[in-house]
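Here the structure comes first, spelled out in C-alpha cells, and everything after it is commentary.
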Amino acid sequence: MADAPREVWITGIGIVSCLGEGPEAHWRGLNEPTPIVDVKTFAPYAVHPLCRVDFDKQIPKKGDQRQMEPWQRIGTYAAGLALDSAGAKGSGDLLGRMDMIVAAGGGERDWAADAAILSGLPKANDRERFLNERLMSDLRPTLFLAQLSNLLAGNISIVHGVTGSSRTFMGEEIAGVDAVRIALQRIRANQSDIALVGGAQNGERKDLLMLYDFGGFGLKGDFHPVWERAAAPGFALASMGAFLVLESRDHAEKREATPLAKLSQVVVASAARRAGTVEASLDRLWNTLGSPDSAALVSGATGTEPATSEECSFFKRHPQLAVRATGSHFGHGVEPQFIMNIAVATLAVHYGKLFAPFDSSGVEEPMTGPLAQAVVTNVGHWRGEGLALVERV
Amino acid sequence: MSELLDAASRPVVVVTGMGVVTSLGAGKTDNWDKLTAGKSGIRAITRFTTENFKTRVAGTVDFVPVEPLSAPALAERMAEVAIEEALSESAIGSRGVFPGPLFLAVAPIEIEWPQRQELAQASGSNDAVSYDDLLRSAGTGQFRRFHERFLFGSVAYNLADKFGTQGSPISLSTACASGASSIQLGLEAIRRGEAEATLCVATDGSINPESLVRFSLLSALSTQNDPPESASKPFSKNRDGFVMAEGAGALVLESYAHARARGARILGVIEGCGELADSFHRTRSSPDGKPIIGCIRNAIADAGLEPEEIDYINAHGTGTPENDKMECLGVTSVFGEHAKRLAISSNKSMIGHTLSAAGAVEAIFSLLTLDRQRIPPTINYAVPDPTIALDVVPNVARDAAVRHAISNSFGFGGQNVSLVMGREPRA
C-alpha cells in the first residue's frame, strides 16, 4: 500500500478466566497470586476452572445458551464484555461493519455418549452397524453445531450482531497470534476500520486433556508456577475467554472511543522444532520488533519442554527485561492465550506498571518503575512463535 | 504499467497455478472433461457400512490411498496432490520453497472412532469404558502419533514443511465457505503488499460415519440414494438436500507485477471478494436475503464492476431446499433484469458438496469456465422449480462469452463469501 500504515488502538477488552471477569478482577488476581487450580476433578491433571459466570448477562436468550457448548458460551460472553468495554454493544450500524476473527479449537464431545458406545462396541455382533445405530440415536442434532469451530463466531453474530465479516482460525496457540496479526494488518492497511478478535476454551474437558496428553503435555500432580516445572513439565488447561476490539486511531477518535493501549506490532514465525530453534526464532522476531529494551514481557510460556527452557534462555540474554508468565495464574488457554495476554499487557501499560512476580526460580523479578511498553510472547507447545508489542497511548 | 494496479490502486492479483482433486478424479483435465460432459462423481459409499443410514451416497475420493485412513490424513494427501499440480503449472519458487504464505481451509479435526477404540482396547477395560480409561491410555506415551495427527494445525504445518511456504501457515474454517475464505485471505495479503505470492488451499476428506450422521441429523442430506449419480439436484423442484463429498483445490495467487516479471502464464484474475455474515440463525439464512445480497454486492463493488458485467455465477447451489431458494432470492435481488440473461450453474450437481474445499474447488472451475468460455451444466435437472426462474444451464454444457464470473459460498454459522474472477488484467 502506498499510504503509511494506520495506527491501531485497543479500545475494548473482554476477559474471563479462573481469576474472574473483567480487567479489575484480573489485575487483582495477578497482583495477589494465589493459584486457582483444580487438581482433584481431573486428577492427575490440573486445570484452571472458569469463575462463576452469569451467562444471562451477555447471552440473554436461554435458547441461545442451549444451542452452545461451554466453550462457545464462554467466548460469546467474553465477546459481549469486549463490545461493552469498547462502547459498541448494541450499535447496529457499527456492529454491521465490524470485522471478526476468532481463534478456535472446537469439538466438545458428549462423554457419556462416547463411553456408552465404546462400552458396547466390543460386545456387538456387527461393530460397524452398532456404531451407526448408536450414532443415529445418541448424537444430539445440535451438538454438531456446538462442536464446529466456526460456530463461536456464528454465535457472536447471532447474539451480539457482529456481521461485517467472520473468519475462524484454527491451529492451537498460534491461531490466536495469527488472528490478532491479520486483524491488525487489515486495519493498518485500510482494509478494515474496526475488528473484534478473540477466542475461548473450556479446559475442563477430558477429551481435550486426552489430545494434549497423547504428547505428554498435560501438567500432572502438584501445581507449580510455569518456571518451576522443569522436573515435571506440562501445562494446566484453562477455561477462559478473551476478546479485544481493535480499531484504527482515526475511527476511534471519530466515535470518541477511549484507547486502552496501542497495538503496535504482531510478528509470527514457525520454526521447525529442533534444539535451539525456538530461541533463534524469538531472537529474529525480537529484532523485527526493534528490540524494545524498556518493555516488560508478558509471557505465554506453557511450562512444556523444551519450549519453555528455550524461551527462558532468550530472557536470560535480556536480563534488563522484567518477565511475567500468566500461565502460572490462569493456566493455558491454548488458542485464546495470546489474546488474553495482550489484554493483560494492555492493562499493564494502561496502569503504567507491571504486576507482582509469581515465581521462586529467579526468572520473575520485581519491577516498580513506570511502564509504557509490553511485549507479549507466545511459544506454542508444539509449533509457532509469536510476539506482540503493546504500547501506552 | 497501470494494469499492475486495480481501480482502487491495489496490486492486481492473478492466478498462475491451479490443482484439483474431486470424486471425478485428480487434475484439471480429467475434472473439466467430466464436468463438461455432465458426469457425476457421486456413488454408493463403500468405505463403511451404510445399511441403516438414510443417506448412503457420497462423492468419496477413494482413489487416493492413505494408510491409516483418517479425515486429516486424507485431507492432507489430497491437498498435496492438488498443490503439486498447481506448483507444477505455476513454476514458481523452487523445489521445497514457495515464496509466500499458506492459507489452508480445512475441516475441524478431531479424534475418530478407530482411535477411540484403539485407546479403549489399550486401557484393558473389559466392561464399561469411560473417558478416564481413554485418558489413562493417552498418558502412557504409546499414542504420541495421535497428538500431531489430530491437532487442528497439523495438516497446515505438514503442508507448510513439505512445500516450504513462508511464515506461519494459517488453518481456517468458515464452514462451507472455507475454500473461498482461503482465497480471500491470500488476495488481501497480496493487496496489502505483505506477499507477492500466496498458496491458497482447501481440502476436505471427512466422509466417515459420524460426519454423515451429523449432517443427516440436521436433515441437510439428500436421501435419494438410487441411483447415486442423481441424488444431487440443485435448483430442481424435487431437490431434498446436498450430497457430501471430498476433494481439494489449490491456487497459486500472485501479484500481476510479480507474475509478469517472471513470465508466468496468467490463468485468470481474482478481481474482488465480498463477505457479510448473517446473524439470523445457526444454519438458516435471514429470510429477507439481506446478508447474501450484501455479500454479492460487496464482491462486485470490490472488483470495481457493475452487476451487468457478470455473465456467469458458479452457484453455491447445494441442492438443499433452503439454500437454492435463498441463493435465487439473492441473485434476482442483486441482478434484477440482468438475472434473466446471466447463466448460473452448480458444480455440486456432479461433484457433490466438498464442504471445506468447495470454495476453492469451485473457484478453479469458475476460472476454467472463463478460460475455456464454456459453462459446465447443472445436471439432474428434470423437474424445474418454478420459483427459481434462472438459467441454470440445465444438464448440458454450453459455450458462452463469459467476461466475469462470481463464485458463491455460504456456510453454517452465517458465513457468506463471494469471489469475482476475470480472464485477464484490465488495462
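At a threshold of 4.5 Å between non-hydrogen side-chain atoms, the residues B:Asp132 and A:Phe42 do not count as touching. Within the 4.5 Å cutoff, the side chain of A:Thr142 has no heavy atoms near those of the B:Leu217 side chain. Counting heavy atoms from C-beta outward, A:Leu148 and B:Pro108 have side chains that approach closer than 4.5 Å. Residues A:Leu121 and B:Gln121 fail the side-chain proximity criterion, which asks for heavy atoms closer than 4.5 Å. By the 4.5 Å heavy-atom criterion applied to side chains, A:Met170 and B:Leu151 are not counted as neighbours. Residues B:Phe48 and A:Leu131 fail the side-chain proximity criterion, which asks for heavy atoms closer than 4.5 Å. Side-chain contact between B:Arg116 and A:Leu118 is present, with at least one heavy-atom pair separated by less than 4.5 Å. With contacts defined as side-chain heavy-atom distances shorter than 4.5 Å, the pair A:Asn132/B:Thr49 qualifies.
Nearest heavy-atom pair across B:Glu275 and A:Ser166 is OE2-N, 2.9 Å. Looking at every heavy atom in both residues, B:Gly139 comes nearest to A:Tyr45 through CA-OH, 4.4 Å.
For a residue to count as touching a neighbouring chain, one of its non-hydrogen atoms must lie under 4.5 Å from one of that chain's; by this rule A:Trp111 touches chain B with backbone and side chain alike. With a 4.5 Å cut-off on non-hydrogen atoms, B:Asn298 does not touch chain A at all. Interface remark: B:Leu212 contributes no atoms to any contact with chain A (heavy atom separation under 4.5 Å). Only the side chain of B:Glu110 comes within less than 4.5 Å of a heavy atom in chain A; its backbone stays farther off. Interface remark: A:Met68 contributes side-chain atoms only to the contact with chain B (heavy atom separation under 4.5 Å). Heavy-atom distances place the side chain of B:Thr283, and not its backbone, under 4.5 Å from chain A. Looking at B:Gln184, the atoms closer than 4.5 Å to chain A (heavy atoms on both sides) all sit in the side chain, from C-beta outward. Heavy-atom distances place both the backbone and the side chain of A:Leu135 under 4.5 Å from chain B. Within the 4.5 angstrom heavy-atom criterion, only side-chain atoms of B:Phe53, from C-beta onward, approach chain A. For A:Arg188, no part lies near chain B; criterion is any non-hydrogen pair under 4.5 Å. Contacts of A:Arg97 with chain B are absent, with no heavy-atom separation under 4.5 Å from either backbone or side chain. Using a 4.5 Å cut-off between heavy atoms, A:Glu385 makes no contact with chain B at all. Using a 4.5 Å cut-off between heavy atoms, B:Pro169 contacts chain A through both its backbone and its side chain.
Within residues 203-211 of chain A, the residues having any heavy atom less than 4.5 Å from a heavy atom of chain B are, in residue-number order, A:Lys206, A:Asp207, A:Leu209, A:Met210, A:Leu211. Contact annotation for residues 154-163 of chain B against chain A (heavy-atom separation below 4.5 Å, listed by residue number): B:Ser154, B:Tyr157, B:Asp161.
A:Gln191 contributes a side-chain N or O that, together with a main-chain N or O of B:Glu188, makes up a donor-acceptor pair within less than 3.5 Å. Not a single donor-acceptor pair under 3.5 Å links the side chain of A:Gln185 to the backbone N or O of B:Arg192. Distance alone, capped at 3.5 Å, places no donor-acceptor pair between the B:Glu51 side chain and the A:Arg129 backbone.
Note on B:Trp113, B:Phe146, B:Phe150: by heavy-atom pairs under 4.5 Å with chain A, the leading option is B:Trp113. When each of A:Ala115, A:Pro44, A:Pro5 is scored by its heavy-atom pairs under 4.5 Å with chain B, the top score falls to A:Ala115. Of the listed residues (A:Ala175, A:Ser119, A:Gly154, A:Ala116), the greatest number of heavy-atom pairs within a distance under 4.5 Å of chain B belongs to A:Ser119. Of the listed residues (A:Asn155, A:Leu152, A:Ile156), the greatest number of heavy-atom pairs within a distance under 4.5 Å of chain B belongs to A:Asn155. Most heavy-atom pairs under 4.5 Å with chain A: of the set B:Arg144, B:Arg214, B:Gln415, this distinction falls to B:Arg214.
Note: A:Ser157 OG to B:Asp278 CG = 8.0 Å, rounded to the nearest 0.5 Å. For the atom pair OG of B:Ser181 and CG of A:Asn150, the computed distance is 9.5 Å after rounding to the nearest 0.5 Å. Separation of atoms CZ (B:Phe103) and CZ (A:Phe169) is listed at 7.5 Å; rounding is to 0.5 Å. A distance of 5.0 Å separates CZ in A:Arg167 from CG in B:Leu185, rounded to the nearest 0.5 Å. The distance from the CG atom of B:Leu276 to the OG1 atom of A:Thr163 is 5.5 Å, given to the nearest 0.5 Å. Note that the OG1 atom of B:Thr140 and the CG atom of A:Asp213 stand 9.0 Å from one another [nearest 0.5 Å].
Between B:His147 and A:Phe217, the ring planes are tilted. Angles from 30° to 60° get that label.
Side-chain contact check for A:Asp178 and B:Ser168: at least one donor-acceptor pair (N or O, by modelled atom type) lies under 3.5 Å.
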Fill in: Full working for salt bridge (charged side-chain N to carboxylate O under 4.0 Å, His left out) between A:Asp64 and B:Arg282
CA-CA 10 Å; A:Asp64 281 334; B:Arg282 286 161 191 82; 3.1 Å; yes

Assess whether salt bridge (charged side-chain N to carboxylate O under 4.0 Å, His left out) is satisfied between B:Glu210 and A:Arg109, documenting all intermediate values. CA-CA 12 Å; B:Glu210 183 158 347; A:Arg109 301 292 305 182; 3.0 Å; yes

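Aromatic ring centroids of B:Phe215 and A:Phe144 lie under 6.0 Å apart.
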